Amino acid sequence: MEAATPLPARRLVLAAGIVLALAIIPLAISWTMPFAALLQWQLGEARLTLLAGDGKTANSGPLAGATSPEAPVSLPDAWNKTHPGFGGTGRYRFTVHVEPGAVADRALYIPRLSNDGALEINGQALTEPDDPDKAAWRWNRPFYLAVPAEMLHAGDNSLVVSVTGVANSRAGLSASYFGPRALLSRAYGLRWFLQIDLLWIANLTVVVLAIPLLFSWLRDPAGSVNYGLFGAGSMLFGLRNFHGLFGSLPMPVAWWWPLVSSSLGWSLCFIFVFLLRVCDYRWRRFEAALAAFAIAGTIALFTVPTARFMALSPWIWYIPLFLTGLFCVGAFTHRTITKPTLHRVVLLVGVLGQLGPALHDILWIQGSGSFSSVLWMALSFPMMLIMTSVLLADDMARTRAALGSMNKLLEARVAAARQDIEALYESRRAREHEAIGSEERLRLMRDMHDGVGTRLSLLLSGITRGEISAEEVEDAVRGSLEELHLLIDARGPSTATLIDALANLRYRLEPRLSAVGVETRWEIGPGADNLVLSAETTLHVLRIIQECITNAVRHGHARVVTLRIERLDAAPDAQGAAAPSSVITVMDDGIGIDNASSATKGGGRGLANIRARTDALGGTFTLRSDGTGTLARLILPFSDGASGKVGDAAAPQRDTPAEARPVPG
């Protein structure tokens, strides 16, 4: 609910106008009833004979088992007041006069006949007997019957209305009318609309409008507890009021009456707590006492004897509920006057509109009201519920508007934050690009210094001292160029995969090897064409491969050298994990290491360098050699088997931020 804010005077005037309109509505509906025209056709007096017990309903009281003599009685006749404790059948006998020209235009209209009844005209039955297996319960249904012309005759006719009712069940007969069919049919149609059709519409409206209130509470139990209380009370109230539409009881009277009465009390208790909480009264002890009263009262209703239920239920249930309601309405009215808000005033209008109908219905239940009256509270309650639903819609609209404003503010803040993040990212990306370029330059300078630079320094020193021949100079220069090519292949922008780097290596080596009669074969196994390595790893692998090919030609005198790259999927280990690997194999048909001449064997520095590079890659290098050739195998584990990356192969591309790449191997 909204906070307490001053209420403009024009809104108070509008609220007062709504209250006045609600007060006039019942009167306006009453004025539409053709009372004046009906009065001349009213059957005001009858001769009543009481027959205790009907074979279907239990009876108790002083008249049990007895038949009273016929006596005059005025209508309406409410048994709770005129014949307390009686249960059975009351035969109301009327003498109706029919003019000769009106025999074919006569009907009987009874606004209320409770609990059940049968009609006779001139000794002939006008209605069929009820099903003995069903307990008829027509207390809220008006009755209309067009009397067939053949059953009437000009002059005086005998009309008997037999009313059957349970003791103390508000049985009886309302004022009845015997006259023209058109007039009585109109009165009956309007009465049926008020007591049946309008009741059905009102109950259905209450149930339907209570659903969004309960849904709002379910979505937000803490923030919508007030709407949850009112929705629960309204739903229970609407469902229990359908009992006025029943033509027969769905269960025994001993259970039906307490169920209907207790459901009304529980629905009102929910609404009482709602009124207090709306005006910020959190009286926990009072709420606990109200719950205790509802529980105790419900138990008492189910334990009261059926014969005494209608007499005792007003005192132990309805009147205490009405007094409790007056207290809660008084507290709500006081808070609304002292701290008015639009929501409180609108609710007060609805609450005050219920006091008149509630008092009227309480008096009818207690037996002090007119037996022929229409019960109003079930018909007027939807007005209060509609007002509460309007308040809920207003709350939702205000909440939605506030959320829309907050969303716009948040969107603006998010957009500003996104711009700041993008600017920060671009700045960091530029710094990282610069750092990557510096790192690449440092690596290139180091590799050139350690490789090409060292070779050229040694060459220059040897030439200066005159210690090397022209052939050795040529070999040294060629080796320096090959080292430089390896650096370019490993770090060049066109080297996306290992296969790209090997293609460049093959392009340079194959013509030189073919010139000396060496055939080279390059084989790529399935899954090996997408191996991605970092520049550092690629350089290591290329140097290992070049060293193996050089050894095969120089020391093994091979005529055929085969390079094979393949991917191997290892079997799962005990934990179910499998570690695939990349295998690079260099095979030749040379004479083997052991048969190589001492002049070409060297000191074994090449193999030592290969193993050092393999260890740096975290891989495994094996060498097998005999008289038929040499097989060198390099095994590199995948760091990410699904993506085909090996070792530190996930090094960044040239424009990838630094945090997106792993540490080189």
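The first residue of the sequence shown is numbered 1, and numbering continues consecutively from there. Model, not experiment: these values are computed from the prediction.
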Polar contact flag, side-chain donor to acceptor under 3.5 angstrom, Tyr92-Asp77: yes
Distance, nearest 0.5 Å, that separates CG of Asp220 from OH of Tyr227: 11.5 Å
Nearest-0.5 Å distance that lies between atom CZ in Arg240 and atom CG in Leu264: 4.0 Å
Min side-chain heavy-atom separation Val273-Leu290 under 4.5 Å: yes
Main-chain N/O of Gly155 paired with Asn157 side-chain donor or acceptor, under 3.5 Å: yes
Within the 6.0 Å centroid threshold, strictly below: Phe237 and Trp266: no
N-O pairing of Glu120 and Arg91 below 4.0 Å: yes
Crowding at CH2, Trp217 (>12 non-hydrogen neighbours, <6.0 Å): no
More than 12 heavy atoms of other groups within 6.0 Å of Arg219 CZ: no
Geometric cation-pi criterion, Arg335 with Tyr281: 6.0 Å, 45°: yes
Audit row: Phe302, Trp255, ring pair (Phe, Tyr, Trp, His ring centres under 6.0 Å) steps and yes/no: CA-CA 7 Å; Phe302 278 91; Trp255 292 97; 5.7 Å; yes
Aromatic ring pairing Phe86/Trp79, orientation class (parallel under 30°, perpendicular over 60°, tilted between): perpendicular
Within 6.0 angstrom of Trp283 CH2, more than 12 heavy atoms from elsewhere: yes
Parallel, tilted or perpendicular: ring planes of Trp317 versus Phe293, cut at 30 and 60 degrees: parallel
Criterion ring pair (Phe, Tyr, Trp, His ring centres under 6.0 Å) on Tyr144 and Trp192, from CA distance to verdict: CA-CA 10 Å; Tyr144 171 83; Trp192 181 273; over 10 Å; no
Side chain Ser216, main chain Leu213, donor-acceptor under 3.5 Å: no
Pair Gln42-Phe178, side-chain contact (heavy atoms from CB on, under 4.5 Å): steps then yes or no: CA-CA 7 Å; Gln42 181 176 349; Phe178 187 86; over 6 Å; no
Between CG on residue Leu108 and CZ on residue Arg181, distance to nearest 0.5 Å: 12.0 Å
Heavy atoms from other residues, nucleotides or ligands near NE2 of His153 exceed 12 (cutoff 6.0 Å): yes
